Structures are given as structure tokens and as C-alpha cells.
Protein chains: 2
Amino acid sequence: MTGGPRRTGRRPGLADTRGRILDAARHAFGERGFDGTSIRQVAADANVDPALIHHYFRSKQQLFVAAMAFPVDPSAVVPAVIADGPPEHVGERFAAFVIGLWDRPEVRPLVTGVVRSASTDPVAADMARRLLTEGPLLALASAIDRPDAPLRATLAGAQLMGVAIARYVVRMEPLASMPPDEVADLIGPSIQGYLAGDLGASSGRSQR
Amino acid sequence: MTGGPRRTGRRPGLADTRGRILDAARHAFGERGFDGTSIRQVAADANVDPALIHHYFRSKQQLFVAAMAFPVDPSAVVPAVIADGPPEHVGERFAAFVIGLWDRPEVRPLVTGVVRSASTDPVAADMARRLLTEGPLLALASAIDRPDAPLRATLAGAQLMGVAIARYVVRMEPLASMPPDEVADLIGPSIQGYLAGDLGASSGRSQR
DNA sequence: GTCTATACAGCGATAGAC
DNA sequence: GTCTATCGCTGTATAGAC
């Protein structure tokens, strides 16, 4: 008992420098992607010296993964999504969950940042893949008792990624400014079809 | 008729320098996006001097739009797509046309280039928007006699863009290596639902 | 039409003073 | 813990010789 309550327990910097850097990085990466963001720029936004960023995080890459770390684990929600209603609407529920999550103001920069950077940076591309088809979607697709789970997860993931880009990045109207539950309603049936429907165009497509 | 067949009709450079630059630029932009591509690199690939690129095209931006110009006008195909079969499968036909077009080896770099760059570059974002929702898709959605044509076009465009990213950019399996007509079969019903179905989760295509 | 040379700016990263 | 200074490199773009 050598001291008071602030003994050795990681006294943060004067005004939480590390946190300010992370906030600024999240915003910058979300707005301009990995390549479009410079460390000097992040430092200016956070009112710190550029060298400090290299001090806290070793490289720009590590700053990126630290700033883009998801605050919640989407995999944990899969059982709840499954159990929360009738199986013939599990796709709708999942779409509502994902869109609702992505729309939260503290999550949106993470989505746009990862998506914006996935085009160029291999690390970000991996994060995008994990975020969707190799993550909760695959678990969900596997839980539903239908064949071709990986294919179903990929198709549903492609659908969700397309909505993310159209809504958050390219800002296509009227999709961009629309309440999230409405978006979930619109794309829910498509997700449901991919997850649990009969794959392929069903009936009379003889040609092609 | 004053001369032979090659009168004044634009004698190309020694080995079609301009064309080689465009080819190299198409490849580079398609592979690494706008930001990830440097003029020096394109010049090296085309075996020309970097200054020549600035000579033919004024800036990197203009090189981009020149290299990414679509060789075909997708709008011209809309009437054929509509007339070519029953209206209840127009979405499937459109999906097949688009995927078939994007899969052509000379078109694929254009798709990946525009999509990869749309994240960062505003000009590319505009091109992506025009390519989809403001282009043939809107015409198609308007031609179908259902309300909310812009919304339908946007939703279908988001679906197609997601497939493009998953298949060509992030390369999610098994979607990435799969014959194009199979892809069209898989996503056709979703496009059809967005274009002509009852929007919203309640009715119609929950179970197919 | 083609190339050399270079201006000018920005980048990530590091060393070391305080 | 914070900042100054700078290295080494790459980018776009331009001026001007051949």
C-alpha cells in the first residue's frame, strides 16, 4: 500500500492522448480509407505530434487495426438471432441486426473504413472477409439446416456489403438517407432467400 | 476520294503509344485502384516515358476516365432485356446480362477499377453511381410498371455492386470462381424481387 | 513525338534532445 | 511522454532539349 488509488494503474496521458489519436484515426480512416489517410493528418486532427503516433502504435498498419477494432463481437449474437423468432424470418432479423449495428454513429466509421480500405490494403480485405462470410454469417448459415452453407454465407455477405457501400460510401439515394429498420425490411427477404431459400432461379429459366 | 484508304485518318504513333498507355493504365487501375496506381508505374508497364502520359492525357484523373470508359453502352440493351422473355423473369435476364458483361476479360478491369477507386476518388464514385442506379438500371426499373422506380434501381444496384466486390475484388469463395451463368442464376431472383416484387419483408418472396 | 531533368510536395519512419 | 529534426523515398506535374 504505497500510494492512493492512482498507484501504478496506467495513468493516462494528460488528456488521454492515445484515445484522441484513436478517435481521429477512426474518423480519418472511415472518411478517406487507409491510403487516403496520413499519419501527419491524424496527428493534426488529434492535436498531437506525429511522432507520438509511432510511439503508441508501431506503424500505420497497426494504428489501422487498433482504430478499426469492432467494439462488439457479432458472433455472440447469432444464437439470439436464431432463437428470437420463426426460422422463416431469420434472414430479416439478421439484416435488421446488422443494419442497426452499422448505423450506430460509433460503428459507422469502422464499416466505411474497412470497406474503403479493402480495395487496396490486403489487411483490410481480410478484415472485410472475416467481418462477413467467415464470421457470423457463416455461423448463421451453418446453423440453419440447409446445404451449401459457405455459398449461402457468401451470397448474403455480398448482399450486405453492397448495401453498405451503396448506403454509407457511395451514398446512393434514397437508400442513403432512410431509417435503418426500413432498409432492413427491404433487404431482409433477399438475405432470407440466400440463407434458407432454394438457391437458383427456381422454375422456368431454360435458357442460358 | 483523293487518296487511298489511309488518307488522313489518324495515323497512330510508331507502335500505338497511346493505346499501350491505355492498356497498361486499365490493368493497373483495375488491379490497384486509382490511388494505388502511379503514373511512373503505368509508364514502365507500357514501356514509355512518364512524361508521355502527361502529354497524351493532361492528368492522372483524365487518364483514369479515358482508361475506364466502357466500350459498350449498357443502356442500349434495356429494351432487348425487357422484350426477350416473360416479365416475371426480367430480373434474372438482367442479372445474366450484367454478370456476363462484367466477366468478359476486357471489361473486368473496368469494373474492378471503378469499384476499387470509388471508395476514395469522388470521380470514380460518380462513375459507379452512373454505371448502376442512374444508368440502365433506372431505365429498366422505370420501364417496369411499378412504383418507386428509383428505390428499386438503387436496391438492385447495391446487390449487383456487392456481387462485383465479392466476386472480383475481395474474391470470396465459392462466388469468385464460379461460372458466370451460375452466378446469374443465384442472384437473379433477388434482382427480380427488387425490380418487380413487393418491396418490404411482409409478402411475396419470403419463401421461394 | 519523345525523353532528360527537375521542381515541389507529401509520405512513413526514426534518432535523439528535453 | 513529448517534440524537433531529418532521412529516404515516392508521388504528380512541368520545362525544355533533341
Side-chain angles (χ1 to χ4, degrees), chain A residues 6-29 31-68 113 116-117 119-124, chain B residues 6 8-25 27-29 31-68 113 116-117 119-124:
Chain A
R6 79 264 238 267
R7 215 170 34 94
T8 48
R10 181 78 183 118
R11 208 60 196 107
L14 243 169
D16 190 16
T17 313
R18 206 188 127 98
R20 285 216 319 282
I21 292 175
L22 276 179
D23 274 347
R26 233 183 311 269
H27 186 263
F29 283 135
E31 210 70 32
R32 291 177 291 277
F34 184 83
D35 284 353
T37 298
S38 76
I39 290 193
R40 290 155 134 95
Q41 189 183 102
V42 172
D45 285 359
N47 275 315
V48 301
D49 192 274
L52 271 189
I53 299 186
H54 281 101
H55 174 68
Y56 282 113
F57 317 88
R58 301 281 311 176
S59 69
K60 189 183 176 184
Q61 281 274 3
Q62 294 187 45
L63 172 65
F64 180 79
V65 308
M68 296 289 117
R116 281 198 149 100
S117 313
S119 327
T120 318
D121 193 73
V123 174
Chain B
R6 76 263 235 275
T8 48
R10 179 78 183 117
R11 215 42 204 124
L14 244 168
D16 193 14
T17 313
R18 205 188 129 101
R20 284 214 320 281
I21 292 174
L22 276 180
D23 275 347
H27 185 264
F29 284 135
E31 209 69 32
R32 289 175 293 276
F34 184 82
D35 284 351
T37 299
S38 76
I39 291 195
R40 288 157 135 97
Q41 187 181 103
V42 172
D45 285 359
N47 276 315
V48 301
D49 191 274
L52 271 188
I53 299 187
H54 283 101
H55 173 68
Y56 282 113
F57 318 88
R58 302 281 309 176
S59 69
K60 189 184 175 183
Q61 280 277 3
Q62 292 186 48
L63 172 65
F64 180 78
V65 308
M68 297 287 116
R116 280 199 149 97
S117 313
S119 328
T120 319
D121 194 72
V123 174

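Both backbone and side-chain heavy atoms feed into the values below; hydrogens, waters and symmetry mates do not. Proteins get letters first, then strands, A, B, ... in listed order; numbering begins at 1 in each. Quick caveat: nothing in here was measured; it's all calculated off a predicted structure.
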Detail all sub-3.5 Å separations between protein N/O atoms and N/O atoms belonging to nucleotides 8-12 of chain C.
residue: C:dC11; atom: OP1; partner: A:Ser38; partner atom: OG; Å: 2.8
residue: C:dG12; atom: OP1; partner: A:Ile39; partner atom: N; Å: 3.2
residue: C:dG12; atom: OP1; partner: A:Lys60; partner atom: NZ; Å: 3.2
residue: C:dG12; atom: OP2; partner: A:Ile39; partner atom: N; Å: 3.0
residue: C:dG12; atom: N7; partner: A:Arg40; partner atom: NH1; Å: 2.6
residue: C:dG12; atom: O6; partner: A:Arg40; partner atom: NH1; Å: 3.3

Could you pull out all donor-acceptor pairs under 3.5 Å where a side-chain atom in residues 41-51 of chain B meets a protein atom, sequence neighbours excluded?
residue: B:Gln41; atom: OE1; partner: B:Arg32; partner atom: NE; Å: 2.9
residue: B:Gln41; atom: OE1; partner: B:Arg32; partner atom: NH2; Å: 2.6
residue: B:Asp49; atom: OD1; partner: B:Ala51; partner atom: N; Å: 2.9

### Query
Going by heavy atoms in the side chains, are B:Tyr56 and B:Leu22 under 4.5 Å from each other?
no

Expressed as a whole number of angstroms, how long is the span from [X]:[atom1] to [N]:[atom2]?
X       : N      : atom1 : atom2 : result
B:Leu52 : C:dG1  : CG    : P     : 10 Å
A:His55 : D:dA5  : NE2   : P     : 20 Å
B:Gln61 : D:dA13 : CD    : C1'   : 14 Å
A:Asp16 : D:dG1  : CG    : P     : 12 Å

### Message
Can you pull out the residues from residues 43-50 of chain B that lie within a 4.0 Å heavy-atom distance of DNA chain D?
### Response
none

### Message
The criterion is salt bridge (charged side-chain N to carboxylate O under 4.0 Å, His left out); which residues satisfy it with A:Asp23, sequence neighbours excluded?
### Response
A:Arg26

### Task
From the options D:dT2, C:dT2, C:dT4, select the nucleotide whose nearest atom is closest to the side chain of B:Tyr56.
C:dT2

### Query
Which of the following nucleotides, D:dT2, D:dA15, C:dT2, is nearest to the side chain of B:Thr17?
C:dT2

[X]: side chain to side chain contact (heavy atoms under 4.5 Å, CB included) partners, not counting sequence neighbours:
X        : result
A:Glu31  : A:His27
B:Ser117 : B:Phe34, B:Phe64, B:Ala124
A:Ile39  : A:Ile53, A:His54, A:Lys60

### Task
Using side-chain hydrogen bond (donor to acceptor under 3.5 Å, both in side chains) as the criterion, list what pairs up with A:Gln62, not counting sequence neighbours.
none

### Task
Name all residues meeting the side-chain hydrogen bond (donor to acceptor under 3.5 Å, both in side chains) criterion together with A:Asp35; count only those two or more places apart in sequence or in a different chain, and write none if there are none.
none

